[in-house]
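When reading the values below, keep in mind they use all heavy atoms of this one structure, side chains included, and skip hydrogens, waters and symmetry mates.
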Amino acid sequence: MPNVLAYAETRSGELRKVALEAVTAARRLADAIGGEVHALLLGPPGIASRAAQLGEYGADVVIAVEHDHLGMYSPEAATATAATRIRDGGYRAAIFSASAQGRDLGPRVAARLRVPLAADVVAIELDGDRILAKHPMNIGKVTATLSLTGSPALLSVRPNAFTPAPNARTARLETAQPAADPAAARVVVKELRQGSGAKLDLGEAPVIISGGRGLKAAENFRLVEELAAAFGNAAVGCTRAVSDDGWRPHSDQIGQTGRMVSPDLYIAVGISGAIQHLAGMRGSRTIVAINKDKDAPIFKIADYGIVGDVLEIVPALTQAVTASRAKH
Amino acid sequence: MKIAVCIKRVLDMEARFRIGADRASVDETGLKFDISDFDTYAIEAALQLKEKAGQGEVVAISLGPDAAQETIRKALSMGVDRGIHLKVDRIPFDPFAIASALATELGTGNYDLILFGKLSIDSASQAVGPIVAELLDLPCVTAISKLEISDKRGTAQRELEGASEIVEFPLPAVLTVDEGLNKARLPSLKGIMGAKKKPIETKPAVVGDIRITVSTMDLPPERSGGRIVGEGVAAVPELVRLLETEAKVL
């Protein structure tokens, strides 16, 4: 049965955007091999009502697993449930997200089933009946084409690499029980804390405004925040130097040891462009750099650069962006 | 407390990379190597736990070629007590193959904690730690940025997209360490001298079946950047025009 399973990630009883990306990636692969897409949806009672949305993006079947203890991620229950379904369903492949949850879950399921996992992939191809996957390695300085032997093959897809594509059908709904009792798990998520801003996440924001040491002081990040607010769909990131100095939390850091992002627009403010930072953002579609040093490496990869004092230029840009958005 | 830290020898990412003659690997000629960044945070976490407990042992384990002994030696110079080198000619890409070899060794060690870096910055699969946990049937928490251990139980925090989770688990356990948990110490002169006398045991690695290979490797397309729009505030209107009409992101 050449079907493909997609793990539809939820948080607090809501589908995440990466769930639709996983279904989209699974749909493409299933179409190439002539199979169906089955989406596995774990969550608290009521989560089955999200099945229709998965159908809109290409799921033929949604397997809803509802449990009082699945309002929060349960790694052990999710592993047992996904592994059981993948084994019993005879799938050709299973697609996870390379999100915080998916990068925790995918390897556990792969180990349980003794099958290969290609993690953090940006493209999936077929070569005859072999699955190939593109995976950025060495902080994005090379791209490997991975060849997976055996079936099922597990893959986790990098957030933002597969844009959710509507492919509507009416998903058939099945229900199932968790294959391990979440209430009896050894590892238990006790609490989910929303991030301070509770705004757009770096991995999902179409626009990222990122600040470096060139901002000179922590309080000047206000200018970056204001520029992000002017866009309305922007998240704020930073360099490692800035998070090491405590100006911003580590979770905002973009680069080799932080987040890897690929937004439509990345504006680097007062960032010189150390290789470790470029590693995290060079996949952005359009890059703008504002820096006082015209020889800064960031300008070499930026589509558009302005040389000058960020403390003067950023407020002017905020005004201009506000005006531009008011026009449209 | 007996703690194992699994570390990997990786290429120094500062260098300019070329693809090797096999078209499926980086040409390592003339390149330097170091411990993967996140692994140094795992070492630091282990050393701090031992220091806090006032007793215990920290063992660094590395799978790799002979040169992996340099990597282990650096961990010893940071304060790790002894090393185990699982010898292979070449580190496979397949995280399952690596994890099987490590699990075979770790399963006999009676460790309270097994620590990994969140991911190796070269292969970036972020999978070996949780696969080892599964193979040994141990509780596992990945990508932790805070950690408290007391009385054979632990509480960790892990960062999600725009949120964080507080996770409880019993020991023994496998943990993988994210940035934010600590800043890794640098080896002191005394540490470097002392490391020369610390033992490193070498044994052949029992690598598992390989089911993922790198069939080809490519450099990503160069970005054709470098266009300076102008200087100072005066350049802002032109930038906005380009964002509207050319990049179409406004």
Side-chain angles (χ1 to χ4, degrees), chain A residues 99-100 103-104 107-108 110-112 116-120 132 137-150 186-195 201 203-204 250-251 256-258 264-265 275 282 286-287 299-308 312-313 316-317 320-321 324, chain B residues 11 13-14 17 26 37-38 96 121-127 130-131 134-135 139-143 145 158-170 179-180 211-220 223 225-233 235-237 239-240 242 244 247 249-250:
Chain A
S99 58
R103 296 202 91 169
D104 185 85
R108 295 174 191 258
R112 191 73 62 93
L117 165 75
D120 195 25
L132 301 177
M137 284 177 55
N138 292 300
I139 67 168
K141 294 175 93 174
V142 300
T143 305
T145 300
L146 305 177
S147 170
L148 287 81
T149 306
R186 297 171 299 185
V187 174
V188 178
V189 176
K190 299 299 275 193
E191 189 188 339
L192 181 73
R193 288 185 188 161
Q194 285 304 326
D201 177 65
E204 293 170 1
H250 277 288
S251 52
Q256 179 169 328
T257 55
D264 294 336
L265 174 64
I275 191 111
R282 67 184 319 141
T286 299
I287 297 173
F299 285 126
K300 292 200 175 58
I301 68 152
D303 299 285
Y304 310 114
I306 298 185
V307 179
E312 290 174 9
I313 294 165
L317 182 57
V321 167
S324 166
Chain B
L11 281 168
M13 298 295 155
E14 295 275 354
F17 283 11
V26 174
D37 297 35
F38 291 98
F96 190 91
I121 55 173
D122 56 351
S123 48
S125 289
Q126 201 171 328
I131 294 174
E134 274 293 321
L135 294 175
C140 176
V141 188
T142 60
S145 57
R158 55 193 305 271
E159 303 303 322
L160 312 179
E161 300 82 7
S164 53
E165 284 175 344
I166 310 299
V167 190
E168 293 186 357
F169 60 94
E179 185 162 70
R211 283 163 298 189
I212 304 189
T213 54
V214 176
S215 65
T216 56
M217 196 177 272
D218 300 286
L219 298 174
R223 285 195 77 99
R227 175 171 170 191
I228 301 290
V229 176
E231 289 192 18
V233 170
V236 166
L239 172 64
V240 169
L242 289 165
E244 285 173 343
V249 286
L250 249 178

Exercise for the section: Please say whether the positively charged group of B/Arg211, taken as NZ for Lys or CZ for Arg, lies over the ring of B/Phe96, i.e. under 6.0 angstrom from the six-membered ring centre and within 45 degrees of the axis. Expected result: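 Ring-cation test returns yes.
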Winner by heavy-atom pair count (cut-off under 4.5 Å) against chain B, out of [options]:
options	value
A/Leu148, A/Leu132, A/Leu117, A/Ile313	A/Ile313
A/Thr286, A/Leu192, A/Asp104	A/Asp104
A/Leu146, A/Ile275, A/Leu265	A/Leu146
A/Lys300, A/Gln256, A/His250, A/Arg103	A/Arg103
A/Gly305, A/Ala119, A/Ala111	A/Gly305
A/Val187, A/Val142, A/Thr257	A/Thr257

When only pairs under 4.5 Å are counted, which of [options] shares the most heavy-atom pairs with chain A?
options	result
B/Gly230, B/Ser145, B/Ala143	B/Gly230
B/Pro139, B/Gly180, B/Ser123, B/Ala247	B/Pro139
B/Val214, B/Ile131, B/Thr213, B/Leu219	B/Thr213
B/Val249, B/Ile212, B/Val167	B/Ile212
B/Ala235, B/Pro130, B/Ala124, B/Ser164	B/Ser164

Practice task
Look at the side chain of A/Arg282 and the backbone N and O of A/Gly140, then say whether any donor-acceptor pair between them is shorter than 3.5 Å.
Solution key: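 No, the answer is negative, given that no donor and acceptor are paired below the 3.5 Å cut-off.
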Practice task
Look at the side chain of B/Asp122 and the backbone N and O of A/Asn138, then say whether any donor-acceptor pair between them is shorter than 3.5 Å.
Solution key: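 Side chain of B/Asp122 to backbone of A/Asn138, a donor-acceptor pair under 3.5 Å: no, none is there.
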Problem - salt_bridge(B/Glu134, A/Arg112) N-O dist < 4.0 Å - result: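 Yes, charged N to carboxylate O under 4.0 Å.
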Which answer fits [X], side chain, backbone, both or neither, if we ask what part of it has an atom under 4.5 Å from a heavy atom of chain A?
X	value
B/Asp37	side chain
B/Val233	both
B/Ile121	both
B/Leu239	side chain

Residues [X] and [Y]: side-chain donor-acceptor under 3.5 angstrom:
X	Y	result
A/Asp120	B/Gln126	no
B/Ser215	A/Thr145	no
B/Arg158	B/Thr142	yes
A/Ser324	B/Glu244	yes

Handout entry: Any B/Glu168 side-chain heavy atom under 4.5 Å of A/Val189 side chain
Key =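 Not touching, per the 4.5 Å side-chain cut-off.
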Handout entry: Verdict with reasoning, A/Ile306 to B/Glu231, per side-chain contact (heavy atoms from CB on, under 4.5 Å)
Key = CA-CA 5 Å; A/Ile306 298 185; B/Glu231 289 192 18; 5.9 Å; no
Which bit of [X] is near chain B, if near means a heavy-atom gap under 4.5 Å: side chain, backbone, both or neither?
X	answer
A/Lys190	both
A/Ala302	backbone
A/Ser99	both

Problem - Euclidean distance, B/Met217 CE relative to A/Lys141 NZ, rounded to 0.5 Å - result: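 The distance works out to 13.0 Å.
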